[in-house]
Each structure stands twice: as C-alpha cells, then as structure tokens.
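Reminder, nothing fancy here: chain letters follow the sequence lines and each chain counts from 1. From a predicted model like this one, the values you see are computed outputs, not experimental measurements.
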There are 2 protein chains.
Amino acid sequence: MAEHRSSADFDLEHFLPYRLDRLADRVSEALARLYEHEHGLNVAQWRVLAWLHHQPPMTAKQIRDATRMDKARVSRAVQALEGRGLVWRRPSPHDQRWHDLRLSEAGQQLMAELIPRVREREAQLLAPLTSQEREQLLEMMARLERPLQEG
Amino acid sequence: MAEHRSSADFDLEHFLPYRLDRLADRVSEALARLYEHEHGLNVAQWRVLAWLHHQPPMTAKQIRDATRMDKARVSRAVQALEGRGLVWRRPSPHDQRWHDLRLSEAGQQLMAELIPRVREREAQLLAPLTSQEREQLLEMMARLERPLQEG
DNA sequence: GCCGAATGGTTGCACATGAAACCATATACG
DNA sequence: CGTATATGGTTTCATGTGCAACCATTCGGC
C-alpha cells in the first residue's frame with residue numbers, strides 16, 4: 001500500500017504542498033510584470049483594488065475576510081493606495097471605527113486598463129487545460145481549501 | 001462567449017493565480033506547525049533537508065535547480081542547517097567552488113522522525129480527493145507549470 | 001449612564017526574501 | 001602561461017510580511 005512507504009523514498013517532487021507553492025510562485029511571477037513592474041502595485045495592493053472594483057464599497061475588515069490576508073497587510077496596502085490617490089477612504093457614518101473604501105476615478109481607470117490584460121495573461125496560463133479541466137481544477141482546489149478555513 | 005466579459009465583472013474568487021496562492025498559503029500554514037513550530041525550520045530549510053534526504057549528496061546549485069529557489073535563499077538555508085549541525089558541507093574535490101552537502105546523523109534522525117508525520121498531514125489535506133483526483137490534480141499542475149519554466 | 005470587553009484599524013519589531021554587487025575559483029582563449 | 005570571462009556561492013540592501021502590542025470607538029451588562 002502507498003501508506004506504507006518508508007521515509008527513505010520521500011520525494012518533494014510528489015509532495016502536494018511543495019508543488020502547490022512552486023506553481024503559485026511561478027504563476028504569480030508571470031503576472032507580476034503587469035501590476036508590479038508596470039504600475040508599482042504589489043500583490044496585496046492589487047487584491048485590494050480588485051475587490052474594491054468588484055464589490056464597492058468595502059471596509060478593511062471585509063477585504064481582510066475576502067482575501068484572508070493579515071489585517072496589517074490590508075492596512076498597509078490601503079494606505080499606499082490612498083497615498084497614490086487610487087482609493088478613497090471615508091469614515092463610516094454608522095461606526096467611526098470603520099472606513100468605507102472605494103476606487104477613485106484614477107483607480108477605476110487603472111483597473112479598466114489592467115483587468116483585460118490580466119485576463120489575457122490568465123488565459124495564456126490556462127491554455128494547457130481544456131475549459132472542463134479548468135473548472136475541475138478550481139473545484140478540486142475549493143474542496144481542498146474548505147477544511148482549512150479557520151475561524 | 002466567456003472571452004467577452006467586460007472588466008466590470010472581474011472577480012478574484014474565480015481568478016486562478018489568486019486562488020492558487022491562497023490555497024498554497026493555507027496548506028503551507030497547515031504544515032508549518034510540524035517543521036516550523038516544533039523544529040524551528042522554515043520552508044526553505046525544510047526543502048533543503050528533504051532534497052538532501054532524497055538524493056544525497058547535492059551542491060547548492062543542484063538544490064537551487066531542484067527547488068527553483070533563489071540562490072541567496074538556498075545559501076542562507078544551508079548556512080542555518082550547517083550551524084545547527086543538521087547538514088555537513090565539504091568542498092568538492094573536483095571543483096573548490098562547489099560544496100557537497102549531506103545530512104548529518106542528526107539531520108537524518110530529524111527527517112526520519114519528521115517525514116512520517118508530514119506524510120500523515122498531507123494525507124489529511126488530500127482526504128477530500130479520491131486518489132484518482134489527486135493524480136489528476138498533480139498532472140494538471142505539471143502541465144500548467146511546464147510553460148513557465150524559465151532558463 | 002458607566003465600566004469592562006470586544007472590535008476595526010495602526011504601528012513596532014523581527015525576520016524572510018529577491019535583486020544586485022561582490023568574492024573566489026575554474027575555464028577559455030590568446 | 002596570463003588575462004578575460006563564466007560560475008558557485010555569499011553578503012548587502014530595500015522591501016514585504018506576520019505577530020503582538022497598541023489606540024480609538026462601540027457594545028453589553030449592570
């Protein structure tokens with residue numbers, strides 16, 4: 001049985017966590033040129049923009065829940081984006097602890113330019129899979145992720 | 001056609017790079033307890049140990065090629081492991097620039113203890129998939145990764 | 001209404017990392 | 001041989017990150 005292999009033949013190349021990490025790194029690198037090199041956005045900032053584009057307005061907490069990023073990471077990303085005028089921040093009328101976040105005009109323009117190119121790049125990355133396989137892949141990933149939700 | 005969606009409905013939740021990164025993070029976190037919290041090993045160090053366990057001896061360059069890690073990252077991981085007496089380093093007789101790396105007794109012992117537990121944890125993570133699906137997943141990941149090999 | 005706990009968000013700190021500069025050794029070519 | 005170049009590996013620097021401590025506001029129990 002596969003369960004009884006000795007530890008002598010342990011091979012990282014068939015170890016899912018490692019392979020997952022390596023692929024994620026490679027893919028991320030392939031995309032970085034678009035938002036990092038060309039627009040000076042890091043991954044955290046890109047994600048904040050993407051969520052604000054998709055579903056405004058949001059508070060930092062909502063972004064944190066959506067992205068599962070550390071709250072400090074979200075806070076710093078928002079700060080940077082606000083500093084560059086890509087995001088507006090307004091204290092919520094309901095609760096002064098929150099801030100409602102939205103894309104500014106400039107932020108919307110940036111995303112309008114960026115999204116089609118990011119989509120195109122994703123399509124290239126996914127080219128080796130049929131559309132059925134793509135669905136299957138995302139579905140399997142969702143199944144793997146579910147038990148790992150904490151909180 | 002799916003190709004003609006406007007940028008207005010872009011949703012990170014269905015964006016593969018993001019989903020991949022999130023899953024990889026979660027999985028990595030789930031494993032970290034084993035080698036990080038209990039043995040003070042970071043991911044880079046764990047990978048070096050795993051490769052040296054699997055295929056000794058190796059030079060830093062070979063580990064770098066195998067893991068696709070930055071050479072500085074490998075260098076620092078090896079230094080730390082040597083400092084803890086888990087790895088031996090010996091200048092290669094063929095070329096003084098290289099160093100042949102091997103696990104020390106302590107390193108082998110550590111891996112003998114760690115590998116079964118890591119395997120067990122991996123099995124838990126993979127539980128939501130049938131063994132056929134697991135193969136399929138790794139195979140699809142390999143197909144996605146191949147065009148991203150650089151150099 | 002008032003005090004303690006909870007909650008959204010920020011900041012300080014320690015650490016890991018990638019890129020580039022750098023060092024030492026080996027190879028190629030005159 | 002001797003110099004230029006390539007290569008393995010290390011170090012320096014700037015940056016991003018998680019964690020924990022912290023601040024401000026709000027909520028819950030009395």
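- Distance CG/A:L114 to CG/A:L41: 7.0 Å, rounded to 0.5 Å.
- The environment of B:E135 atom CD is sparse: at most 12 non-hydrogen atoms of other residues, nucleotides or ligands sit within 6.0 angstrom.
- One atom, CG of A:L41, and another, P of D:dT15, lie 16 Å apart when rounded to the nearest Å.
- Contact check, A:S75 against C:dG9: no side-chain N or O comes under 4.0 Å of OP1 or OP2.
- Between the C1' atom of D:dT7 and the CD atom of B:Q62 lies a distance of 14 Å, rounded to the nearest Å.
- Taking only side-chain atoms of B:T59, from C-beta outward, the nucleotide of C:dA20, D:dG9, D:dC19 with the closest atom is D:dG9.
- Within 4.0 Å of A:K61, counting heavy atoms only, lie sugar-phosphate atoms of the nucleic acid but no base atom.
- For the OP1/OP2 pair of C:dT10 and a distance below 4.0 Å, the side-chain nitrogens and oxygens of A:R89 include at least one atom meeting the criterion.
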Walk me through it: do A:Q79 and A:R76 pass the test side chain to side chain donor-acceptor pair (under 3.5 Å)? CA-CA 5 Å; A:Q79 261 174 299; A:R76 286 187 267 248; over 6 Å; no
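- Residues that satisfy the salt bridge (charged side-chain N to carboxylate O under 4.0 Å, His left out) test with A:D21, not counting sequence neighbours, are B:R47.
- Atom C1' of nucleotide C:dT25 and atom CG of B:D95 are separated by 7 Å, given to the nearest angstrom.
- Between the C1' atom of D:dG16 and the CE atom of A:M69 lies a distance of 12 Å, rounded to the nearest Å.
- To the nearest angstrom, P of D:dT17 lies 18 Å from CZ of A:R68.
- Rounded to whole Å, the distance from CZ on A:R97 to C1' on D:dC22 is 16 Å.
- Partner B:L34 forms a side-chain contact (heavy atoms from CB on, under 4.5 Å) with one of B:E36, B:H37, B:E38 and no other, that one being B:E38.
- Looking at heavy-atom distances under 4.0 Å, A:R76 makes contact with a base.
- Residue A:N42 is the one, among A:N42 and A:Q96, whose nearest nucleotide of DNA chain D lies closer to the 5' end (criterion: closest heavy atom).
- Residue B:W98 contributes atom CH2, which lies 9 Å from atom C1' of D:dG8 at whole-angstrom precision.
- A sub-4.0 Å separation between OP1 or OP2 of D:dT17 and a side-chain N or O of A:R73 is present.
- If you measure from atom CD1 of B:I63 to atom C1' of D:dT7, you get 17 Å, rounded to the nearest angstrom.
- Backbone-only contact: B:A60 has heavy atoms under 4.0 Å from sugar-phosphate atoms and none from a base.
- Each of C:dA24, D:dA21, D:dG9 was ranked by its minimum atom distance to the side chain of A:K71; first place goes to D:dA21.
- Contact check, A:Q45 against D:dG16: no side-chain N or O comes under 4.0 Å of OP1 or OP2.
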